[in-house]
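To start, the structure under review is shown below, and the notes come after it.
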Number of protein chains: 2
Amino acid sequence: MPETSPRPLRADALRNRERLLEAAVQAFSRPGPEVTLDAIAREAGVGIGTLYRHFPTREALVEAAYRNELGKLCDAAPDLLDHLPPDRALRGWMSRFIDYLATKRGMADALRLVIASGANPYAQSRDRLLEALGRLLAAGVAAGTIRADVDAGDVLVNLSGISLAAGERAQADRLLDLLMDGLRHHRAG
Amino acid sequence: MPETSPRPLRADALRNRERLLEAAVQAFSRPGPEVTLDAIAREAGVGIGTLYRHFPTREALVEAAYRNELGKLCDAAPDLLDHLPPDRALRGWMSRFIDYLATKRGMADALRLVIASGANPYAQSRDRLLEALGRLLAAGVAAGTIRADVDAGDVLVNLSGISLAAGERAQADRLLDLLMDGLRHHRAG
DNA sequence: GATGGAAGCGGAGGATCCTCCGCTACGTTC
DNA sequence: GAACGTAGCGGAGGATCCTCCGCTTCCATC
């Protein structure tokens with residue numbers, strides 16, 4: 001229940017939150033190597049303490065900053081299913097997901113924690129990802145191409161593992177192919 | 001060529017290196033949550049600068065500290081092959097590898113970098129891991145149970161990804177099973 | 001529109017990481 | 001065994017992370 005709101009945020013707090021998010025999105029999209037949280041707070045015109053109150057960890061900030069874009073990625077799943085056979089839709093979506101993580105520097109590390117912990121109250125993106133992936137898998141199962149005994153959460157974790165560990169894009173692709181083979185409905189040869 | 005030695009280390013430098021390694025092994029095996037490099041240097045009785053000179057990154061220190069144990073793991077591969085069919089030997093070895101990473105707190109993170117970069121001069125453990133894994137895969141290929149078109153490096157990266165991303169041991173096991181299915185020689189059903 | 005209490009703010013400060021450079025002492029050469 | 005060039009040492013210090021707590025500002029209530 002991440003959405004319990006015992007009290008609506010005070011007006012100034014809400015304003016600061018918005019400013020922080022705006023600054024974070026900007027800072028994260030800049031090509032520069034790393035962003036210090038102090039810099040984001042400064043840019044947003046608030047104290048560092050305020051940043052940490054709203055976003056207790058770097059991951060929380062990253063998750064919130066990318067929630068929109070990540071949502072778009074999830075929305076793409078039904079579209080893919082409309083135009084492709086389920087297994088190819090699944091493969092395509094996973095590829096996009098990896099692409100997405102690769103472009104966002106520092107995102108993968110943050111997302112590891114987001115994805116890993118179901119208990120994380122800041123992980124509402126996780127639910128959306130799970131839903132999108134679950135839909136793709138279910139379509140494959142219905143079509144008889146994908147095994148029925150695989151958990152979407154496991155696949156999601158596997159994806160984040162690939163994005164974390166893979167060095168170059170080509171390697172990630174090979175690992176995705178391997179994963180797809182494992183997911184396929186087949187009998188031993 | 002990680003083993004080029006333009007000059008044999010000076011006596012005092014060698015002594016310091018040994019002390020650092022000893023302190024690091026001890027510190028890493030203590031149950032405590034995290035170890036500061038400063039503490040290791042202090043315990044070894046050398047300056048922090050000396051630590052960083054010998055081991056420029058935390059990963060380098062971790063890798064060196066665990067090189068022995070990791071070696072034993074690699075040595076176990078031939079034994080497994082003697083007693084089990086190749087695919088089960090492979091599965092067993094991968095399981096042990098994950099176990100090993102799980103017990104060593106902070107090891108997985110360090111090993112990610114060690115495994116990821118083939119160019120890392122401190123990654124001589126990587127070569128041993130590759131050799132052990134390659135042998136297991138080759139045996140499976142020879143027995144006709146494992147596909148011939150999979151690179152050992154890719155599998156190694158996949159393993160480190162699993163250990164990085166998987167939350168609980170049971171999940172890691174499920175992901176290993178999935179990986180095994182991908183590795184098996186089979187025809188689509 | 002005054003007021004009290006709590007929500008929220010901000011930044012000083014402790015902890016850690018890592019670099020840099022003046023000093024020390026090793027070992028080589030004669 | 002003296003002396004000298006340099007490999008190696010140490011730790012101060014700058015950068016970042018994150019916490020903690022005294023001060024400020026909002027807003028519910030009257």
Side-chain angles (χ1 to χ4, degrees), chain A residues 4-24 27-28 30 32-65 105-107 109-110 112-114 117 120-122, chain B residues 4-24 27-28 30 32-65 105-107 109-110 112-114 117 120-122:
Chain A
T4 46
S5 53
R7 209 166 273 262
L9 225 46
R10 224 171 68 178
D12 55 342
L14 200 64
R15 193 164 52 239
N16 281 333
R17 206 189 130 85
E18 292 305 322
R19 279 187 193 157
L20 277 168
L21 268 181
E22 215 169 302
F28 286 143
R30 258 194 288 280
E34 267 141 61
V35 197
T36 71
L37 298 185
D38 294 87
I40 291 179
R42 211 177 317 123
E43 196 145 331
V46 306
I48 184 65
T50 300
L51 185 151
Y52 275 96
R53 196 167 330 96
H54 285 291
F55 306 102
T57 65
R58 174 177 278 265
E59 294 78 51
L61 182 57
V62 170
E63 198 268 348
R105 210 51 239 125
M107 175 83 182
D109 270 329
R112 164 169 52 136
L113 301 186
V114 170
S117 81
N120 186 337
Y122 300 96
Chain B
T4 48
S5 52
R7 208 167 274 264
L9 224 46
R10 223 170 68 179
D12 55 342
L14 200 65
R15 193 166 50 240
N16 283 332
R17 206 188 131 86
E18 291 306 322
R19 280 189 192 154
L20 278 168
L21 269 181
E22 216 170 299
F28 286 144
R30 259 195 287 281
E34 266 141 63
V35 197
T36 72
L37 298 185
D38 294 88
I40 291 178
R42 210 177 317 120
E43 196 146 329
V46 307
I48 183 66
T50 300
L51 186 151
Y52 276 98
R53 197 167 328 98
H54 285 291
F55 306 101
T57 65
R58 173 177 276 265
E59 293 79 49
L61 182 57
V62 170
E63 198 268 348
R105 211 50 241 126
M107 175 82 182
D109 270 331
R112 166 169 51 138
L113 301 186
V114 171
S117 80
N120 187 337
Y122 301 96

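Bear in mind the structure is a predicted one, so any value in this text is a computation, not a measurement. Chain naming here is simple, since letters A, B, ... match the order of the sequence lines and numbering starts at 1 in each.
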| task | Please state how far atom CD1 in B:I40 lies from atom C1' in C:dA15, giving the value in whole angstrom units. | result | 16 Å
| Could you give the CG-to-C1' distance, from B:L51 to D:dA12, as a whole number of Å? | 17 Å
| request: For B:F55 and D:dG8, give me the distance from atom CZ to atom C1', rounded to whole Å. | output: 14 Å
| message | Nearest whole Å is fine: how far is D:dC18 P from A:L61 CG? | response | 11 Å
| note | Here the distance between atom C1' of D:dC26 and atom CG of A:N16, to the nearest Å, is 13 Å
| query | Tell me: CZ of B:R42 to P of D:dG11, nearest whole Å? | reply | 11 Å
| query | Just to confirm, is there a sub-4.0 Å distance from OP1 or OP2 of C:dC9 to any side-chain nitrogen or oxygen of A:H54? | reply | yes
| request: Could you check which of D:dC26, D:dT6, C:dC17 has an atom nearest any side-chain atom of B:R10? | output: D:dT6
| task | Figure out the OH/P separation between B:Y52 and C:dC18, and round it to whole Å. | result | 4 Å
| request: Go through C:dC9, D:dC18, D:dG11 for me and flag the one nearest to the A:I48 side chain. | output: D:dC18
| Of A:G49 and A:A39, the one whose closest DNA chain D nucleotide lies more 5' | A:A39
| request: Report the distance from atom CZ of B:R17 to atom C1' of D:dA7, rounded to the nearest whole Å. | output: 16 Å
| query | Any idea which of C:dT16, C:dG8, D:dC9 is nearest the B:T50 side chain? | reply | D:dC9
